[in-house]
Amino acid sequence: MTPELIMYLARLNVHDATLSPSGRVIVNGNVYFSSGETSIEFPFESVTGYFDCTGAQITSLEGAPQSVGTGFYCNHTKITS
């Protein structure tokens, strides 16, 4: 993983992640976006727990995980479709 990806995942409170062969992020646990996040900077493959971008300033779900184990929450964002 690159230093940029490691710092990004730390901002999202991710502590256990690997990369898939295609370079997408696999998270064993949860992903929580802060209100200041404006985009999904690195593509996710899967998240075993929660993927929660509620209240973030993101405008697109491009890069969102293809599968989520527990719950996917993205209320109160700037996503319009």
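Not counting sequence neighbours, Thr18 has no partner by the side chain to side chain donor-acceptor pair (under 3.5 Å) test. For Thr54, the side-chain contact (heavy atoms from CB on, under 4.5 Å) partners at least two apart in sequence or on another chain are Asp52, Tyr73, Asn75, His76. Partners of Glu4 according to the side-chain contact (heavy atoms from CB on, under 4.5 Å) rule, which considers only residues two or more places apart in sequence or in another chain, are Thr2, Phe42.
Within the hydrophobic cluster formed by Ile, Leu, Val, Met, Phe, Trp and Tyr side chains joined at under 4.5 Å, directly or through other members, Ile26 stands alone, with no partner residue.
Every pair tested for disulfide (SG to SG under 2.5 Å) that includes a residue from residues 18-50 fails, sequence neighbours excluded, so the list is empty. Pairs of residues two or more places apart, or lying in two chains, that qualify as disulfide (SG to SG under 2.5 Å) and include a residue from residues 12-80 are Cys53-Cys74. For residues 9-18, every residue pair satisfying the salt bridge (Lys or Arg N to Asp or Glu O under 4.0 Å) rule, not counting sequence neighbours, is listed here: Arg11-Glu37, Arg11-Glu41. Within the structure, ring-ring contact (aromatic ring centres under 6.0 Å, His included) contacts touching residues 11-33 (residues at least two apart or in different chains) are Phe33-Phe51.
Listed here is the closest heavy atom pair of Asn30 and Gly49: OD1-CA, 3.2 Å. Of all heavy-atom pairs spanning Glu45 and Ser22, the tightest one is OE1-OG, 3.7 Å. The minimum heavy-atom distance between Gly63 and Arg24, with the atom names listed, is O-NH2, 4.3 Å. Here the closest heavy-atom approach between residue Val14 and residue Val27 is recorded as CG1-CG1, 3.9 Å.
The distance from atom OG1 of Thr59 to atom CD1 of Ile79, rounded to the nearest 0.5 Å, is 7.5 Å.
In this structure, the side chains of Tyr8 and Ile40 come closer than 4.5 Å at one or more pairs of heavy atoms. Leu19 has its side chain within reach of Leu5: a pair of non-hydrogen atoms, C-beta onward, lies under 4.5 Å apart.
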Under 3.5 Å, which donor-acceptor pairs link side chains of residues 64-72 to any protein atom two or more places apart or in another chain?
none

